[in-house]
Amino acid sequence: MVDFTLTDEQKNLREMAHDFAKNEMRPVAWEYDRDGTWPEEIIKKAWELQLMNNHIPAEYGGVGLGYLDGCIIEEELAWGCSGIQTSVGCNGLATAPLILGGSHELKKEYLGRLTEEPLLASFCLTEPDAGSDVSGMKTTAVKKGDKWVINGSKCFITNGTYANFYTVYAKTDKDAGHRGISAFIVPRDAGVVVDKKEDKMGQRASNTATITFPEVEIPADHLIGEENKGFKLAMMTLDRTRPGVAAMATGIARAAMEFAIDYSKERVQFGVPIAMHQAIQFMIADMATEVEASRLLTWKAATQLDNGERNTLVSSHAKRFAADTAMRVATDAVQIYGGYGFIKEYPVEKLMRDAKIMQLYEGTAQIQRLVIARETLLPRRA
Ligand code: CAA
C-alpha cells in the first residue's frame with residue numbers, strides 16, 4: 001500500500017509553489033502565451049527559490065528533493081502556466097541521464113553549473129526521422145584520439161535556444177540498433193548551432209528549437225556512462241521524468257476544472273446558474289474524478305522511484321492517463337464556457353492548447369499504451 005499523507009515539509013513546498021504560481025506566473029501567463037515571451041525573469045526567480053534544480057543531490061550543490069516532492073511542485077507550477085513550467089522544469093530531464101550514469105567529475109562540473117547560476121540544459125534525443133522510434137536516430141559520435149566528434153541535428157528541443165549545455169544521444173555503432181547509442185554532455189561553446197525556434201500551438205512561453213552539431217568536438221570524458229548503453233539510459237530517464245509530465249498535466253486539468261466551476265456558478269441560462277443543470281454537473285463530476293485519479297497515479301509512480309523500485313508501468317499509466325485527462329478536462333471546460341470558451345479573452349482556450357502537448361512530448365499517448373501493453377502482457381522482473 002502507498003501512503004499519500006504529505007509531510008509538513010511537502011505541504012510547505014506545495015504552498016510555496018502555489019504562491020509562486022499564483023503571484024508570479026498567473027498574472028503574466030496569458031500575455032506570455034499571446035506574445036510567445038521568453039520567461040527569463042520568472043525562471044530566475046524560480047531558480048532563487050529552488051523551485052528548479054531541486055532534484056540535484058546535495059553533494060553537487062542541490063537540495064536533493066525526492067520525486068514525489070518534485071511532482072508536488074510541478075503540479076502547482078503547471079497550474080500557474082504549463083508553458084513556463086516546461087522551461088523551468090527542463091533541467092530535470094536534461095540532467096537525469098547525468099545523475100543516473102555520469103562520472104563524479106562530469107556531475108561536479110555540469111550539475112555545479114546549474115546550482116551556481118540560473119543556467120539551462122536541454123535533452124537532445126528526438127530527430128526529424130526519429131521521434132517515437134528512438135533507435136532510428138542518425139546523429140553520430142566518432143572517437144578521434146581523446147575527443148568525440150558529433151555530427152547531426154536534433155529537433156523539438158526544449159530550451160534549446162538558451163541552454164548552456166546539451167545531453168545528446170548519438171550512434172556510436174551504426175549497425176547495432178538500440179545497442180549502438182551513447183549519451184554525451186555537449187557544452188554550447190563546443191560549436192553547437194541553434195537553428196529554428198518553433199512557433200507552437202500551445203505552451204508558447206516555452207522555447208522549442210532545432211539544434212545542430214556540425215563536427216562538434218567534445219572531450220572523451222564527456223561520454224555519460226558506458227559506450228553503447230545510451231538507449232537504456234534514455235528509457236530509465238523517461239521512467240523518471242514522465243511522472244513529472246503527469247503532474248504537469250494534472251495541474252492543467254485542475255486549472256481548467258476550477259475555471260469551469262467558477263464560470264458555471266456565474267453563468268445564468270434558463271433562469272438559473274448553469275451549475276444547477278445536471279448536464280454541467282456530470283461534466284464537472286467527471287473532471288473531479290479524473291483529476292484525482294491522475295494525481296494518485298502520478299504520486300504512485302513518483303513514490304515507487306523514491307522507494308527505489310522500477311516504475312516503468314506506473315510511470316506510463318500516469319503519463320497516459322493524466323495527459324488524456326488534461327486534454328479532456330480542458331476541452332470540456334471550453335464546452336462549459338460555450339461560445340465564450342472559444343474566445344481568447346477567456347482563459348480556457350489556452351489551457352486546451354497547452355494540454356495537447358501532454359499527449360505528445362516525452363512519449364506520445366500511443367507510446368505510453370505500447371509500454372503499458374508490453375509491461376502488462378510480459379512483465380519484466382528486473
Ligand atoms: N528501463 C530500462 N531498460 C529498458 C526500458 C526501461 N524503461 N525500456 C526498454 N529497455 C531496454 C530493454 O530491456 C531492451 O534491452 P536489451 O538491449 O537488453 O534487449 C532495450 O531497452 C530495447 O527495448 P525495446 O525493445 O522495448 O525498444 P524499442 O525500440 O521497442 O522502443 C519504446 C521502446 C518504448 C518505443 C521507446 O523507443 C520509447 O519510449 N519511445 C518514445 C521516445 C520518447 O519518449 N521520446 C521523447 C523525447 S524527450 C521529449 O519529448 C522532451 C522535450 O524536450 C520535448
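Along the sequence shown, residues carry numbers from 1. Order of appearance sets the numbers: ligands from 1, and atoms from 1 within every ligand. For clarity, every value in this text was computed on a predicted model and none was experimentally measured.
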Salt bridge check: are E292 and R295 linked by an N-O gap of less than 4.0 Å? yes
For atom 7 (N) of ligand 1, which of L360, D133, D239 has the closest heavy atom? D239
Parallel, tilted or perpendicular, judged at 30° and 60°: which one describes the rings of H18 and W79? tilted
Distance-only donor-acceptor check, side chains T208 and E198, under 3.5 Å: no
With no hydrogens and no angle check, do the side chains of N228 and D173 hold a donor and an acceptor under 3.5 Å apart? no
Any idea which atoms of ligand 1 are less than 4.0 Å away from a heavy-atom of M236? 1 (N), 2 (C)
Decide whether the shortest distance between a heavy atom of R242 and an atom of ligand 1 is less than 4.0 Å. yes
So, applying side chain to side chain contact (heavy atoms under 4.5 Å, CB included) with K154, which one of T212, T126, V168 is it? V168
Is it the case that ligand 1 has an N or O less than 3.5 angstrom from some N or O of L370? no
Before signing off on this row, confirm whether Y361 and ligand 1 have an N or O atom pair separated by under 3.5 Å. no
Under 3.5 Å: donor-acceptor pair, side chain of Q281, backbone of A275: yes
Side chains of E215 and N151 only: does a donor on one sit below 3.5 Å from an acceptor on the other? yes
Counting only heavy atoms closer than 4.0 Å, does ligand 1 sit against the backbone of T364, its side chain, both, or neither? neither
Side chains of T86 and Q203 only: does a donor on one sit below 3.5 Å from an acceptor on the other? yes
Which ligand 1 atoms are under 4.0 Å away from a heavy-atom of F156? 52 (C), 53 (O), 54 (C)
Shortest heavy-atom approach to atom 9 (C) of ligand 1 - which of K232, R179, M235: M235
Considering distance alone, does some N or O of T158 sit under 3.5 Å from an N or O of ligand 1? yes
Closest heavy-atom approach to atom 46 (C) of ligand 1 among E362, E375, R240, Q368 is made by E362
Taking atom types as modelled and ignoring hydrogens, do the side chains of S264 and H277 form a donor-acceptor contact shorter than 3.5 angstrom? no
Under 4.0 Å to a heavy atom of F123 - the qualifying atoms of ligand 1, by number: 48 (S)
Taking atom types as modelled, is there a side-chain donor on D239 or S315 under 3.5 Å from an acceptor on the other? no
Which atoms from ligand 1 have a heavy atom of V371 less than 4.0 Å away? 34 (C)
What atoms in ligand 1 come closer than 4.0 Å to a heavy atom of L238? 43 (C), 44 (O)
So the atoms of ligand 1 within less than 4.0 Å of a heavy atom of T126 turn out to be 47 (C)
Can you name the atoms of ligand 1, numbered from 1 with element, that are less than 4.0 Å from a heavy atom of T312? 7 (N)
I157 touching ligand 1 at heavy-atom level, < 4.0 angstrom: no
